[in-house]
Amino acid sequence: MAGIKIIGLGKSQGDKVVTNDDLAQIVDTSDQWVRAKTGIKSRYFAENKTNEDMAFEAASQAIENAGIDRKEIAMCIVCTFTPDDYTPAVACNVAGRLGLLEQIQAYDINGACSGFIYGCNLANGLLACQQEKYALVIGSEKISPLMDMTDRGTCVLFGDGAGAAVLKYDPAADFVFYAGCAANKEILYCSRQDKAIKMAGQEVYRFAVSKVPECIKAVLDEAGYTDKEIDHFVCHQANERIIDNAARRISKDTDKFFKNLYDYGNTSAASIPIALCEMEEQGLLHAGSKLVCTGFGAGLTYGCMLVTFCPGSGASG
Ligand code: COA
């Protein structure tokens with residue numbers, strides 16, 4: 001169970017707010033349909049920002065909130081399926097802009113919408129092996145260029161943004177991870193040839209409502225906790241109905257399932273760290289908050305982690 005805790009959070013988003021009504025000018029949809037089916041009211045598109053810009057902004061805020069010397073960060077992992085370029089990795093560019101030490105590891109990983117959970121688990125293992133203290137894990141996505149704006153089944157769902165966490169290794173910290181990959185390249189994908197997200201919505205929906213509660217139950221079982229001992233459940237922000245379905249199956253206290261997809265849409269690997277950052281800004285998190293975070297997405301991947309929030313505990317040990 002030994003592992004990481006989150007000591008600083010940050011977020012960023014695209015520079016243009018796009019409402020459902022805006023999209024209804026482009027495709028045959030309506031605000032009423034999108035809200036009823038997904039909960040989404042608006043999302044941000046990054047017209048004048050790159051993936052790197054958003055990752056940098058989120059990471060800068062996370063480092064400031066963590067209150068650590070950035071030269072102590074041992075790794076920069078960016079979780080993304082939408083890097084600006086094939087190479088260099090977004091993580092290398094962000095590490096350079098942040099002024100991190102040259103002697104770090106910096107790379108991108110692609111776990112789609114489960115990416116941030118996978119990135120945190122990767123950092124946990126690496127920090128433990130290498131006896132290092134701090135990792136920077138960023139979920140950052142610029143999805144808007146990969147949306148088919150003639151496909152109303154997908155173009156209303158996604159948005160651009162980034163969320164970041166500074167993680168501290170602590171042998172006494174609770175950390176539990178559970179993940180899987182139900183290999184499938186037909187129901188949710190974006191090929192290099194088409195450069196547009198394709199999705200069989202109902203099949204993804206069925207996958208999500210089965211896997212999200214399964215993951216949460218597995219993590220609670222391994223940790224030896226009941227839902228009552230968890231302060232917040234933070235699910236990938238894809239669809240309100242998926243989150244509500246999981247909430248009903250896991251806990252009587254469904255308010256513990258935070259939602260902010262109304263204003264962001266689905267930001268893939270960024271959705272969980274953006275949600276965590278908003279929760280902190282809204283005063284929902286306190287030192288020692290126990291969080292269960294769950295992602296699912298293309299791959300088909302799924303992943304869940306139990307992690308503790310200990311804000312700004314960098315300097316104090
Ligand atoms: N506006 C209006 N109508 C729309 C629409 C839109 N944006 N998108 C689809 N429709 C129509 C369809 O064309 C279909 O019309 P028809 O009955 O005349 O053929 C009807 O609505 C129902 O479509 P369907 O795809 O069956 O809707 P749904 O109830 O499955 O809802 C999703 C669609 C995408 C909201 C839902 O399947 C979903 O959320 N799936 C999970 C997606 C997800 O989480 N993806 C991210 C994974 S990381």
Side-chain angles (χ1 to χ4, degrees), residues 18-43 45 79-82 109-119 139-144 146-161 163 179-190 196-215 234-247 257 259-262 264-275 293-304:
V18 179
T19 65
N20 295 338
D21 285 335
D22 293 333
L23 293 175
Q25 308 288 315
I26 305 169
V27 277
D28 182 13
T29 189
S30 65
D31 179 51
Q32 191 195 13
W33 192 96
V34 180
R35 282 193 201 212
K37 290 281 189 179
T38 69
I40 299 165
K41 297 175 184 168
S42 63
R43 72 288 291 144
F45 283 1
C79 315
T80 187
F81 80 97
T82 56
I109 63 163
N110 177 354
C113 305
S114 311
F116 181 73
I117 308 288
Y118 289 7
S140 187
E141 303 284 12
K142 181 165 172 167
I143 306 172
S144 53
L146 297 176
M147 290 184 211
D148 176 353
M149 297 310 282
T150 65
D151 176 8
R152 65 180 181 171
T154 54
C155 75
V156 299
L157 302 177
F158 298 96
D160 300 333
C181 169
N184 180 306
K185 53 184 181 183
E186 274 106 41
I187 72 171
L188 179 55
Y189 65 93
C190 181
I197 295 169
K198 310 275 184 204
M199 185 180 70
Q202 290 197 357
E203 289 179 62
V204 176
Y205 189 92
R206 277 195 290 276
F207 168 76
V209 294
S210 132
K211 285 299 171 191
V212 172
E214 177 188 312
C215 282
V234 188
C235 296
H236 171 44
Q237 303 286 311
N239 183 312
E240 182 173 32
R241 291 186 296 145
I242 294 172
I243 299 174
D244 289 347
N245 183 297
F257 282 70
K259 287 178 280 187
N260 69 347
L261 55 89
Y262 315 109
Y264 288 90
N266 178 346
T267 56
S268 191
S271 87
I272 291 171
I274 289 175
C293 306
T294 314
F296 65 90
L300 296 166
T301 58
Y302 51 93
C304 186

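Residue indices begin at 1 and follow the sequence shown. In listed order, ligands and their atoms are each counted from 1.
There is no protein heavy atom less than 4.0 angstrom from atom 19 (O) of ligand 1. Put simply, atom 9 (C) of ligand 1 has protein non-hydrogen atoms near it, under 4.0 Å away. The protein reaches atom 44 (O) of ligand 1 closely, with a heavy atom under 4.0 angstrom from it. Protein heavy atoms all stay at least 4.0 Å away from atom 23 (O) of ligand 1. Distances from atom 5 (C) of ligand 1 to the protein include at least one heavy-atom value under 4.0 Å.
One N or O on the side chain of S271 and one on the backbone of Q237 form a donor-acceptor pair closer than 3.5 Å. At distances below 3.5 Å, at least one donor-acceptor pair connects side-chain atoms of Y118 with backbone N or O atoms of Y302. In this structure, the side chain of R152 engages the main chain of D28 through a donor-acceptor pair within 3.5 Å. Side chain of T267 to main chain of G159: no donor-acceptor pair is present (N/O by atom type, distance under 3.5 Å, no hydrogens or angles).
Between N266 and the options H236, E141, R43, a side chain to side chain donor-acceptor pair (under 3.5 Å) holds for only H236.
For ligand 1, the atoms closer than 4.0 angstrom to any heavy atom of L188 are 47 (C). Under a 4.0 Å criterion applied to the non-hydrogen atoms of G297, ligand 1 contributes the atoms 48 (S). Of all atoms in ligand 1, numbered sequentially from 1 with element shown, those under 4.0 Å from a heavy atom of T38 are 35 (C). For ligand 1 and N239, the ligand atoms under 4.0 Å from any heavy atom of the residue are 38 (C), 39 (O). Against a heavy-atom cut-off of under 4.0 Å, V204 is close to the following atoms of ligand 1: 43 (C), 45 (N), 47 (C). Of all the atoms in ligand 1, the ones that sit under 4.0 Å from a non-hydrogen atom of G153 are 8 (N). Each of the atoms 44 (O) of ligand 1 lies under 4.0 Å from some heavy atom of I242. Set against the non-hydrogen atoms of N266, the atoms of ligand 1 under 4.0 Å away are 46 (C), 48 (S).
For the residue pair T150 / D148, a side-chain donor-acceptor distance below 3.5 Å is found, with atom types taken as modelled. A donor and an acceptor atom, one from each side chain of D160 and S144, are located under 3.5 Å apart.
Between I242 and Y205, some side-chain heavy-atom pair lies under the 4.5 Å cut-off.
For ligand 1, the polar-atom distance check against G201 finds a nitrogen or oxygen pair separated by under 3.5 Å.
Using a 4.0 Å cutoff on heavy atoms, V27 does not count as a contact of ligand 1. Heavy atoms of A208 come nearer than 4.0 angstrom to ligand 1 in no pair at all.
One distance of note links OG1 of T80 with CD1 of I109; it measures 10.0 Å at 0.5 Å rounding.
In this structure, K211 is not positioned above the aromatic face of F296 in the sense of NZ or CZ being under 6.0 Å from the six-membered ring centre and within 45° of the axis.
For atom 1 (N) of ligand 1, the candidate residues are T29, L261, I197; the nearest heavy-atom contact is made by T29.
Of the heavy atoms in V156, only side-chain atoms (C-beta onward) come closer than 4.0 Å to ligand 1. Heavy atoms of W33 found under 4.0 angstrom from ligand 1 belong exclusively to the side chain. Contacts of T154 with ligand 1, taken as heavy-atom pairs under 4.0 Å, are absent altogether.
Among all heavy-atom pairs drawn from T301 and S114, the shortest one is OG1-OG, 2.8 Å.
Salt bridge status for K41 with D31: absent, with no side-chain N to carboxylate O gap under 4.0 Å.
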